[in-house]
Amino acid sequence: MDFSIHVAKVVRIGDFELWITESMINSWIICAVLILIALIVRKAIKNPQKVPEGIQNVVEFMVDTLDNFAETTMGKHGRKFGSFYGSMLIYILLCNLSGLFLGPNISTPLPGEPKVLIDFMRPPTADFAVTFALAMITFTMVQGFAIKEKGPFTWLKGLTEPMWPLTPLNVIGELANPISLSFRLFGNILGGTIIMGLYYNLPWFALIGIPVALHAYFDIFAGVLQAFIFVMLSMTFVASAMD
Amino acid sequence: MDGLFEMILNFLNNTDRFALILSGSAIAAGLAMGAGIGPGIGQGFAAGKAAEAVGNNPEGGRQATIVMLLGAAVAETSGIFALVIAIIMLFANPLVGREGTAVVLAASGIGAGLAMIAGIGPGIGQGYAAGKGSEAVGKRPKLQSQIIRTMLLGQAVAQTTGIYALIIALILLFVNIFF
């Protein structure tokens, strides 16, 4: 069994090697789908109506739900962040659920010779590089908004509280946040991917019906839950850094 | 004492490579499943608390049951991680075909299994959260969505050490670190 992330192509720019991995390609596909849907919706509601109907109704309901979600989690700062965290939630959700959809699946039977098949996609969030990048966005936002709201000196002073000898502990605590955040998403999705991969290696009679239940738990339940938890924790971190 | 140590080392070095790695993996698969203690206790606690909540306030029984099921499903996570590691050991063992000293590979396998026992903690903790959540929903069924939100957030944080254990176990199994 092979659960590693496959490299589709190595692009050389001078001495620098850029590895185009499976996760990057899948992530681009998800971005393209999201942009396409956004463009279609934009065309469909070119003339917004006072009394919404059809697609406008659905979109307004979604935006409203996401805005409310941001507002109940972040309190008074919520309005500003609704659109950002709403998009992040949709992106992570689609990444987690992408294992249910067909797409390019790269395998390297011989090293350096990638073969592209059409199969179920490997979720991009089962790659630590992707989840760590997402967690670093949160980390940058936490520190950035803390400096912006409190001013650099209050922010630095906040790290020495309650006593100055505790400064290293505070710094480690801040640095541990993105690590635990990224590993939580990565570990859960990778665990699901591995167990599904192992299950599909069983003989045919074990593959009747039972995979539905497994997909429902590992892909849908865990995927939706982890997407929510990642976004909710990010929101909580940012909101508490701003207070 | 030295003689005994040397004897064990000699035994390990002279035993067949495959046998040594496979026996290490077998012990590890068994050890990993020890993590099941945690979810067992935790889910039992959650079930008990939910039953109590239903008994106290049958009106909010349905909501309390939903919270119990949701929380118990999350508390199951560390048990499932242990199962993932044990199944990898048994059916897709990456250590067997690897270059390197057999003793170190067998020990990596046992280490991966041992690491998963950390799942006891998150299992009990998340189950406790699920139980308290269903108790609270039983008292005030109207606050269900807020209580579920707080419960899931706390359970996710309680999962952290279990995730670390899974990462270390996967590194021991799949990444060639010692050579």
Side-chain angles (χ1 to χ4, degrees), chain A residues 1-5 65 68-69 72-74 126 128 131-132 135 173 176-203 206 213-214 216-218 220-222 224-237 239-240, chain B residues 29 32 35 69-97 115-116 118-119 122 126 143 145-171 173-176:
Chain A
M1 283 307 298
D2 187 9
F3 301 112
S4 55
I5 302 139
T65 314
N68 279 338
F69 173 55
T72 43
T73 314
M74 296 183 81
F128 185 60
T131 59
F132 189 65
N177 274 345
I179 293 176
S180 66
L181 199 61
S182 51
F183 271 129
R184 186 173 302 117
L185 183 58
F186 167 69
N188 274 290
I189 304 302
L190 183 71
T193 309
I194 289 178
I195 211 155
M196 290 317 300
L198 289 173
Y199 194 80
Y200 275 117
N201 269 4
L202 290 179
L214 291 177
Y217 183 84
F218 288 108
I220 298 173
F221 179 73
V224 173
L225 188 70
Q226 292 305 322
F228 260 101
I229 281 169
F230 187 95
V231 172
M232 214 145 71
L233 277 176
S234 299
M235 283 175 170
T236 320
F237 287 152
S240 64
Chain B
L69 288 177
L70 206 61
V74 178
E76 186 63 46
T77 318
S78 31
I80 289 172
F81 286 162
L83 187 66
V84 170
I85 294 296
I87 289 177
I88 289 176
M89 296 277 186
L90 296 180
F91 296 111
N93 201 321
L95 298 171
V96 174
M116 294 319 293
Q126 291 174 326
L143 295 180
S145 62
Q146 278 108 312
I147 293 170
I148 286 184
R149 183 192 298 247
T150 309
M151 181 189 80
L152 289 180
L153 204 61
Q155 284 183 321
V157 179
Q159 183 72 62
T160 311
T161 49
I163 300 277
Y164 291 162
L166 176 72
I167 302 297
I168 291 300
L170 288 176
I171 289 176
L173 286 179
F174 286 101
V175 185
N176 221 341

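All heavy atoms count here, side chains included; hydrogens, waters and symmetry mates do not. Every chain is numbered from 1 and lettered A, B, ... according to where its sequence line falls, protein lines coming before strand lines. Bear in mind that the values here come from a model prediction, so they are computed numbers and not experimental data.
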Minimum-distance pair of heavy atoms, taken over all atoms of [X] and [Y]:
X: B/Ala92; Y: A/Leu198; value: CB-CD2, 3.6 Å
X: B/Ile163; Y: A/Phe183; value: CG2-O, 3.0 Å
X: A/Ser180; Y: B/Tyr164; value: CB-OH, 3.1 Å

> What part of B/Leu70 lies closer than 4.5 angstrom to a heavy atom of chain A: side chain, backbone, both or neither?
Replying inline: both
>> What I'd like to find out is whether the side chain of B/Ile167 reaches to under 4.5 Å of the side chain of A/Phe128, using heavy atoms alone.
In response: no
> Quick one: does A/Phe221's side chain get under 4.5 Å of B/Val74's, heavy atoms only?
Replying inline: yes
[X] portion near chain B, given a 4.5 angstrom heavy-atom threshold:
X: A/Tyr199; value: neither
X: A/Phe230; value: neither
X: A/Phe228; value: neither

>> Suppose a student defines contact as a heavy atom less than 4.5 Å from any heavy atom of chain A. Which residues in residues 150-160 of chain B would they list?
In response: B/Leu152, B/Leu153, B/Ala156, B/Val157, B/Thr160
> Looking at A/Leu190, A/Asn188, A/Thr72, which has the largest count of heavy-atom pairs under 4.5 Å with chain B?
Replying inline: A/Asn188
>> Once side-chain hydrogen bond (donor to acceptor under 3.5 Å, both in side chains) is applied, do any residues pair with A/Thr73, and if so which ones, sequence neighbours excluded?
In response: B/Arg149
>> To the nearest 0.5 Å, what is the distance between CD1 on A/Ile194 and CG on B/Leu173?
In response: 9.0 Å
